[in-house]
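Working notes for the structure below.
Values in this document were obtained by computation on a predicted structure and should not be read as measured data. Here is the naming used below: chain letters follow the sequence lines, and residue numbers restart at 1 for every chain.
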Amino acid sequence: MKIFIPTPLRPFAGSQSSIETDAPTIAAALDQLTSSHPDLKKHLFTPEGKVRAFVNLYLNDEDIRYLPEKEATAVRPTDTLSIIPSIAGGLPPRQ
Amino acid sequence: MTALHIPQSVFDSIRAHGEETYPHECCGALLGNATPEGWRVVSAVRAGNTRTDSAHNRYHIAPVEIVKIQRDARRQGLDIAGFYHSHPGHPARWSLTDLAEAHWLGCVYVITQVAHGKAAVTNAFLLAGPTEEDKHFEPEPIEIAK
Ligand SMILES: [Zn+2]
């Protein structure tokens with residue numbers, strides 16, 4: 001499975017825009033990714049090992065939070081995993 | 001010294017987007033290439049503002065939209081250079097919420113002030129890091145390219 005690295009995380013992934021993994025599940029693929037690129041770990045996970053709140057993970061076009069087996073979901077070589085940091089903002093309320 | 005290099009047509013289109021969605025915030029992605037002189041933007045992609053509950057003062061782009069935008073960008077040999085949004089009735093300065101909810105380090109955030117339905121000032125800010133914990137916005141000059 002190919003993991004797509006978003007622009008801000010590329011400096012921690014050897015400047016690569018995608019990284020090929022051969023793990024059987026999403027969790028194992030993320031393990032593979034962070035063991036080959038340890039600097040990525042703190043950008044993706046909390047110290048407790050949970051995916052950081054603003055990091056979205058998409059297996060193909062599906063948010064993995066909504067997959068029945070979440071990170072334990074089995075993956076095929078043709079699947080893609082996209083790491084998408086949140087995009088949002090807002091103005092202060094009017095006085 | 002880096003700058004945001006953006007074609008006039010793309011610059012005009014993101015400002016027009018802010019006028020069209022006024023009094024709501026517009027949002028979208030900027031595609032381009034990183035160069036030693038800063039991001040060279042090639043195109044802008046409009047996105048929907050999912051914050052229909054509070055669209056006059058909030059913006060949020062569905063991540064699945066970004067998955068698709070990123071896929072199309074790769075096919076064209078482009079990267080996500082950053083994002084744009086509008087400030088209806090507010091200056092083109094980042095807010096504390098904009099900073100708190102910005103996570104694309106090394107990317108540019110372009111803000112257009114829309115006053116009474118007309119695009120006014122447009123400013124760009126680089127989300128500098130190096131990490132989430134010490135992120136901050138730096139003003140990035142906008143260079144209009146042909
Ligand atoms: Zn804003």
Side-chain angles (χ1 to χ4, degrees), chain A residues 1-20 26 34 37-47 50-67 75 78-95, chain B residues 25 27-29 31-32 34 39 47 49-51 54-71 73-74 77 79-83 85-91 93-109 111 127 129-133 135:
Chain A
M1 176 177 68
K2 192 173 269 186
I3 303 182
F4 291 122
I5 312 295
T7 328
L9 294 183
R10 291 191 198 152
F12 313 104
S15 302
Q16 298 173 89
S17 60
S18 68
I19 289 170
E20 202 62 57
I26 295 171
T34 53
H37 301 280
D39 290 344
L40 275 177
K41 202 162 192 165
K42 69 173 192 291
H43 297 278
L44 297 176
F45 298 99
T46 64
K50 280 197 178 313
V51 176
R52 296 185 73 162
F54 60 86
V55 174
N56 305 280
L57 297 171
Y58 275 72
L59 183 66
N60 306 312
D61 288 349
E62 297 291 333
D63 187 333
I64 73 160
R65 285 180 281 240
Y66 301 115
L67 294 174
V75 297
T78 52
D79 287 335
T80 58
L81 187 74
S82 300
I83 301 169
I84 309 285
S86 292
I87 300 137
L91 288 162
R94 260 177 235 262
Q95 299 301 315
Chain B
E25 291 199 24
C27 48
L31 308 184
W39 283 103
N49 184 0
T50 68
R51 290 300 303 268
S54 192
H56 64 288
N57 65 358
R58 295 273 155 173
Y59 81 97
H60 171 262
I61 304 178
V64 70
E65 256 199 283
I66 299 300
V67 171
K68 290 168 183 160
I69 290 169
Q70 190 167 257
R71 187 184 298 144
R74 285 175 64 87
D79 287 321
I80 292 179
F83 305 95
H85 71 281
S86 62
H87 280 179
H90 282 268
R93 287 195 304 261
W94 54 270
S95 69
L96 290 174
T97 309
D98 285 340
L99 177 61
E101 300 189 357
H103 304 290
W104 288 64
L105 293 159
C107 290
V108 284
Y109 285 74
I111 301 175
L127 185 64
T131 66
E132 180 69 21
E133 285 63 40
K135 67 180 179 182

A/Asn60 portion near chain B, given a 4.5 angstrom heavy-atom threshold: backbone

Could you tell me which portion of B/His85 (side chain, backbone, both or neither) has an atom closer than 4.5 angstrom to a non-hydrogen atom of chain A? neither

When rounded to the nearest 0.5 angstrom, what is the spacing between CG in A/Leu9 and CG in B/Leu105? 8.0 Å

Taking side chain as C-beta onward, heavy atoms only, is B/Gln70 less than 4.5 Å from A/Pro6? yes

Segment of A/Asp61 engaging chain B (4.5 angstrom heavy-atom cut-off): both

Where B/Pro130 and A/His43 come nearest, the two heavy atoms and their spacing: O-CE1, 4.4 Å

Hey, is the main chain of A/Pro92 close enough, under 3.5 Å, to the side chain of B/Ser95 for a donor-acceptor pair? no

In short, B/Glu101 meets A/Gly89 closest at the heavy-atom pair OE1-N, 3.4 Å

For B/Arg71, is it the side chain, the backbone, both, or neither that has a heavy atom closer than 4.5 Å to a heavy atom of chain A? side chain

On a heavy-atom basis, which atom in A/Gly90 and which in B/Thr97 lie closest, and how many Å separate them? O-CB, 3.4 Å

Suppose we screen for side chain to side chain contact (heavy atoms under 4.5 Å, CB included). Which residues come up paired with A/Thr46, at least two apart in sequence or across chains? A/Glu48, A/Lys50, A/Arg52

Among residues 78-87 of chain A, those lying within the under-4.5 Å heavy-atom range of chain B are A/Ser82, A/Ile84, A/Pro85, A/Ser86, A/Ile87

Whatever's closer than 4.5 Å to a heavy atom in chain A on B/Phe83 counts as side chain

If you count every heavy atom of other residues, nucleotides or ligands that lies below 6.0 Å from B/Leu96 atom CG, does the total exceed 12? no

Do you know which of B/Leu127, B/Asp79, B/Val64 has the most heavy-atom pairs with chain A at a distance under 4.5 angstrom? B/Val64

Mind checking the CZ-CD1 spacing from A/Phe4 to B/Ile66? Nearest 0.5 Å is all I need. 14.5 Å

In Å and rounded to the nearest 0.5 Å, what is the CG to OG1 distance from B/Leu31 to A/Thr7? 9.5 Å

B/Lys135 atom NZ, neighbour heavy-atom count above 12 within 6.0 Å: yes

